[in-house]
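Here is the structure we will look at, set down as structure tokens.
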Amino acid sequence: MAKKKLTYEEAYMELEKIVESLENNDFTLDESVKIFKRGMELSTYCSEMLEKKEGEVKVLINGEEEDFKIGE
Amino acid sequence: MEALSVNEVNSYIKKLFIGDMILSNISVEGEISNFKKHHSGHMYFSLKDDLSRIKCVMFKGKDDGVGDLMEEGKNIIAQGYISVYEKGGDYQLYVNKVEFEGLGDLHMKFQRLKEQLALEGLFSQEFKKTLPRYPKKIGIVTSPTGAALKDILSILKRRNKSIDVIIYPSLVQGKEAASNLVEGLKYLNSRKDIDLIIIGRGGGSMEELFSFNDEKLARAIFKSKIPVISAVGHEIDFTISDFVADIRAATPSEAAELCVESIDNMLLDLDLLENKLLNTFSSYFESKKSNLNILSRDLLYNNPKNKLGEEKNKLYRLEQHLIDRLNKLILNKKEGLLSLDNRLKLSNPLNSFDKGYSIITNLKGEKITTVDDLIRLREFTVIMKDGRVGVKAETISLEE
């Protein structure tokens, strides 16, 4: 699914929109189930992003990125 | 052509210099570099700008108390003359008087530039970009050894360990600093993966922070397509980069706080949103269910079978009613009949017979009802309750 390329911000905003539209109750039952599933997918995706790996700190030396250690 | 001696050449050049009006009385502005103070008290240094340098000498006699203030990196205005040191074959500025770019000068420079750029609209709110809510990669232009960087990094890591950081190391004071900083901005803007830039340094004097008042830097910040947070010095320090930037942070630490939402907050927000999703959906679902229930109940209620039962009831009642009325009618008629019967019985002529009355008729059968009629007859019939008797009378007479 295209969601693999979504940034956290995009995924989060889509989730917000989904919740809002469910509140407005515009859907048929089938549509609402679909939308709900998508919402849960997005929520899981966002959670995973928050739990993800440690971010990298790099410093540019002579045009090359090198690992940066504080105190260098 | 006759060849000259070196000394002759140098002398000639010196004469040229001495004869030149500009060079013989000149003020030069630049940054002190390669500063050496000899034991004698004479000072040897270079003055430089972005592109070149010139050798200088200031003899002790010219000192005027300035000697203690002379140091590497300071910006000065040196007044004197440029002449040739024949022996060495180079020219230098012989400094008579030194003016330090005073705080007053700096202030004025700052004010003038600030007004100019404000007029041009560089500080205008409409050009300020909003910071991305969830930046993935942050670029920092600052000194790699400064405390500012340490502060920024520790706060960033504490708030959200998954953020990537790329540091563009730069000087943050002195004449070269401004161009370094500009390069940093340009470099980060050339990449596609940077969401946010922090540019700044720790606290310092006005002169030390002055690179952040550079016009080229201001314009580079303005042009930056990536949002820029300016974090220079302490709360009370305001530099031009602070005004141009999309956001000013009072300190480098604040910059880190501004640009990254705490991951705890993000987890909380996400959790709340997920709950809302679940609740909204389930209440949507519940309302659909309850609608259905109501319809279902209505349907059951209006079940034709029910109607049938009802109709049967109605019919039954009507039937009863009918039977009832019929019975009443019959009863009525019976009573009517009975009463007629009674009346009939009462008016039964034969009733008189029971009482002992009899009817007298002549031989023709005509009723005789008076004694006058009777005494004329000799033969008559007497009808009694149980039969008739023929009478032949020998004598009949009236009784009084």
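Model, not experiment: these values are computed from the prediction. Quick note: numbers below take in every heavy atom, side chains included, and nothing from hydrogens, waters or symmetry partners.
Residue contact with chain A, scored on non-hydrogen atoms closer than 4.5 Å, involves the backbone and the side chain of B:D269 alike. The contact between B:K276 and chain A is made by backbone and side chain atoms together, counting heavy-atom distances below 4.5 Å. For A:E20, no part sits under 4.5 Å from any heavy atom of chain B, backbone or side chain. Interface remark: B:L278 contributes backbone and side-chain atoms alike to the contact with chain A (heavy atom separation under 4.5 Å). Looking at B:P132, both its backbone and its side chain come within 4.5 Å of chain A, counting heavy atoms on both sides. In this structure, the portion of A:E65 lying under 4.5 Å from any heavy atom of chain B is its side chain and not its backbone. For a residue to count as touching a neighbouring chain, one of its non-hydrogen atoms must lie under 4.5 Å from one of that chain's; by this rule A:L29 touches chain B with backbone and side chain alike.
Distance check, rounded to the nearest 0.5 Å: CG of A:L60 to CZ of B:R191 gives 7.0 Å. Atoms CE and NZ, on A:M49 and B:K136 in that order, are 4.5 Å from each other to the nearest 0.5 Å. One finds the OG1 atom of A:T44 at 6.5 Å from the CD atom of B:E274 (value rounded to the nearest 0.5 Å). Note: B:N279 CG to A:L22 CG = 11.5 Å, rounded to the nearest 0.5 Å. Between the CZ atom of B:F281 and the NZ atom of A:K37 there is a distance of 9.0 Å, given to the nearest 0.5 Å. Atom CZ of residue B:F285 and atom CZ of residue A:F36 lie 10.0 Å apart, to the nearest 0.5 angstrom.
Atom NZ of B:K129 is surrounded by more than 12 heavy atoms from other residues, nucleotides or ligands within 6.0 Å. Counting non-hydrogen atoms of neighbouring residues, nucleotides and ligands closer than 6.0 angstrom, the NZ atom of B:K128 exceeds 12 such neighbours. Taking a 6.0 Å sphere around CD1 of B:I236, one finds it holds 12 or fewer heavy atoms contributed by other residues, nucleotides or ligands. The local environment of CD in B:E208 is crowded, with over 12 non-hydrogen atoms from other residues, nucleotides or ligands closer than 6.0 Å.
A 4.5 Å side-chain heavy-atom check between B:L273 and A:S43 finds every atom pair outside the cut-off. A:Y8 has its side chain within reach of B:L270: a pair of non-hydrogen atoms, C-beta onward, lies under 4.5 Å apart. Residues B:L153 and A:F68 are in side-chain contact: their nearest non-hydrogen atoms beyond the backbone lie under 4.5 Å apart. Between B:R133 and A:Y12 there is a side-chain heavy-atom pair separated by less than 4.5 Å.
Contact tally against chain A (heavy-atom pairs below 4.5 Å) for B:V165, B:N160, B:T280, B:I138: the top residue is B:V165. The residue among A:G39, A:C46, A:S32 with the most heavy atom pairs within less than 4.5 Å of chain B is A:S32.
Residue B:D164 comes nearest to A:E56 through the heavy atom pair OD1-N, 2.6 Å, listed as atom of the first residue, atom of the second, then distance.
A donor-acceptor contact shorter than 3.5 Å links the side chain of B:K157 to the backbone of A:G55.
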